[in-house]
Amino acid sequence: MKHIFTLLSFGLFMVLFSCSQDGPKLSETGLIPLPNQVADGSGSFLLTSEAKIQLQGEDPKLAGIAEYFNTSLSAASGYRLPVGTDEGTIKLQVEGDNSQDESYELVISESEITIKGKSAAGVFYGVQTLLQAMPVEVFGTALIQEAIQIPAGKIVDSPSYAYRGSMLDVARHFLPMEDVKHYLDQMAHLKLNYLHLHLSDDQGWRIEIKSWPNLTALGGSTQVGGGPGGYFTQAQYQELVQYAADRFITIVPEIDMPGHTNAALASYGDLNPGINLPDGNFETITKSIEKAEDEFKGSNITRQAAELYTGTEVGFSTLDTDLELTYQFIDDIVREIAAITPGPYFHIGGDESHVTAKDDYVYFIERVQKIVQDHGKTSIGWDEVATSQLLPGNVAQFWALEENAKLAVGQGNKVLMSPAKKAYLDMQYDSTSRIGLHWAAYVELDSAYLWDPATYVNGISKSDILGVEAPLWTETVENRVDMEYLVFPRIAALAEVAWSPGSSRNWNDFQDRIKVMGQRWDIQGIGFYKSPLVNWE
Ligand code: TNX
């Protein structure tokens with residue numbers, strides 16, 4: 001009898017043991033973005049509630065990373081691992097103090113897991129890779145009963161580009177705090193590190209400015225289609241900044257100007273020049289008052305608030321570039337936003353100012369860049385800004401015109417790559433996509449994946465490029481469901497374009513890995529677009 005029991009328990013041991021050899025290899029766990037080097041080991045680490053996390057190094061951010069790791073796992077694991085500095089089988093180590101160096105090394109053996117980063121950010125990315133190396137169930141909320149099996153191996157990894165971003169247009173349709181946080185969570189999983197918030201446009205003003213309260217009271221009160229709009233108070237914006245920082249993501253605020261400013265011009269009539277027509281109507285003058293006086297001799301030029309706008313046209317509004325009040329207004333806005341933005345960048349927009357005279361535009365951009373610099377920030381602008389003299393260090397975000405991107409590089413400035421034909425998350429996948437636009441292209445998943453920022457524009461090479469950003473414009477995006485449909489899976493393709501070296505990227509291999517990513521999204525309830533190019537089953 002005793003003999004049989006021994007035999008049985010041996011059998012059970014064999015089953016458990018062979019289990020640890022059975023699962024996918026580390027290189028088959030669906031890692032996105034693809035790490036630089038992945039070497040498979042033998043066996044697996046079996047994670048149970050017995051494990052401990054050991055922090056090594058002085059970096060104060062390590063404790064936050066351990067907390068993040070515990071929180072990420074706790075719903076599915078049912079436990080939180082103790083965190084200390086003396087011992088542990090999961091070691092998180094910062095070995096350096098260069099916060100710019102996001103590289104890490106992850107080693108998984110049967111007895112321990114070690115993540116070494118050159119900075120806390122590196123360790124955080126190592127944790128993201130470790131989570132992806134686990135069964136997809138760890139992303140869910142159903143309790144996993146058995147040990148979590150993590151295949152052994154070694155990963156050495158670092159990003160191709162320093163700026164790996166996405167943009168949310170919260171102006172055309174407002175997106176509430178929860179949706180932005182949800183987006184930040186997903187960005188972090190993909191090792192993206194900048195979230196650009198498009199905070200103002202013709203249809204809405206979305207950030208509280210204490211010295212100009214009508215901007216949100218009036219300008220924030222509507223959106224495309226006439227819905228109620230909304231805005232972030234400064235306290236809420238700061239909450240987003242912190243939530244992002246906890247995930248090693250930097251917020252880049254954008255106030256788009258001198259065009260795309262109808263919401264501001266509707267909020268403050270003093271900013272909006274116009275003429276009173278003989279029939280009693282008011283018509284906005286979209287050029288400087290001086291020039292208007294020549295053109296409209298004898299007309300009664302006054303200032304009066306514009307109407308709120310809920311359509312989707314672009315290029316019809318402009319600030320008055322000759323008016324001193326315009327620059328006081330901008331100085332107040334930049335000062336208030338810069339004070340609650342720890343990141344280095346302030347985005348000044350500058351796109352599609354079709355009704356601003358060319359020389360007025362150049363004068364305006366050059367003056368606004370200085371205001372931003374005076375408040376301690378570096379300007380980013382859409383590629384049109386490169387038709388002005390850029391200040392050293394300022395960045396041009398390429399979206400449409402290669403000539404503009406080259407003008408920036410010619411001035412010694414860097415370019416942020418967001419080519420609409422590849423990186424625009426609001427483009428339809430194909431002509432049958434239920435929402436989205438297609439003025440630039442239809443962008444299927446393979447198209448979003450198959451391009452290289454370093455060769456995309458002739459004459460612009462890797463050293464000229466700050467990074468890659470995937471913008472989501474929201475003319476057709478009304479809520480989280482719409483957002484998820486357009487963003488996923490393309491954001492994963494763009495994250496890999498930004499992180500992994502061009503030489504290692506391979507569409508067939510990506511198709512296999514994105515399938516696993518799809519399982520992670522499914523388990524989190526994310527309604528992604530099931531591209532017919534991928535076998536999701
Ligand atoms: C162009 S991209 C715009 C936006 C629109 C977008 C729609 C850019 C700098 N300007 O105002 O929302 O197209 O795809």
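Atoms within each ligand, like the ligands themselves, are counted from 1 in listed order. Side chains included, hydrogens not; waters and symmetry mates left out as well; all remaining heavy atoms used. Residues take their numbers from the sequence shown, with the count starting at 1.
- Distances between N or O atoms of Y424 and those of ligand 1 include no value under 3.5 Å.
- Ring pair Y163/Y194 is parallel by interplanar angle, where below 30° counts as parallel and above 60° as perpendicular.
- A cation-pi geometry, defined here as NZ or CZ lying under 6.0 Å from the six-membered ring centre and within 45° of its normal, holds between K191 and W499.
- Aromatic ring orientation, W382 versus W399: perpendicular (interplanar angle above 60°, classes split at 30° and 60°).
- Scanning the protein heavy atoms around atom 5 (C) of ligand 1, the nearest turns out to be E475 OE2, 3.3 Å.
- Residue-to-ligand polar distances keep D169 apart from ligand 1: every N/O pair is separated by 3.5 Å or more.
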Show me the donor-acceptor pairs, under 3.5 Å and distance only, between side chains in residues 434-443 and residues at least two apart or in other chains.
unit_1, atom_1, unit_2, atom_2, d
R434, NH1, D482, OD1, 3.1
R434, NH2, D482, OD1, 2.9
H438, ND1, Q428, OE1, 2.6

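- If you number the atoms of ligand 1 from 1 as listed, the ones under 4.0 Å from a heavy atom of E352 come out as 1 (C), 3 (C), 4 (C), 10 (N), 11 (O).
- Screening residues 211-236 for ring-ring contact (aromatic ring centres under 6.0 Å, His included), with sequence neighbours left out, gives F174-F232, W212-Y268, W212-F329.
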Exercise for review: Start with the C-alpha gap between E444 and K422, add the side-chain angles, then the distance that decides, and say whether salt bridge (charged side-chain N to carboxylate O under 4.0 Å, His left out) holds.
Suggested key: CA-CA 9 Å; E444 243 300 348; K422 296 290 179 184; over 6 Å; no
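- Although no hydrogens or angles enter the test, the distance criterion places a donor-acceptor pair under 3.5 Å between the side chain of R490 and the main chain of L425.
- In this structure, K421 forms no cation-pi arrangement with Y424, as its terminal cationic atom is not both closer than 6.0 Å to the ring centre and no more than 45° off the ring axis.
- Polar contact check, W439 against ligand 1: a nitrogen or oxygen pair lies under 3.5 Å apart.
- Near H260, meaning under 4.0 Å from any of its heavy atoms, are these atoms of ligand 1: 11 (O).
- Ligand 1 has a nitrogen or oxygen under 3.5 angstrom from a nitrogen or oxygen of D351.
- In terms of N/O distances under 3.5 Å, ligand 1 is approached by D426.
- Within ligand 1, counting atoms from 1 as listed, the ones closer than 4.0 Å to a heavy atom of L437 are 7 (C), 14 (O).
- Among the atoms of R172, some N or O lies under 3.5 angstrom from an N or O of ligand 1.
- Under a 4.0 Å criterion applied to the non-hydrogen atoms of M427, ligand 1 contributes the atoms 14 (O).
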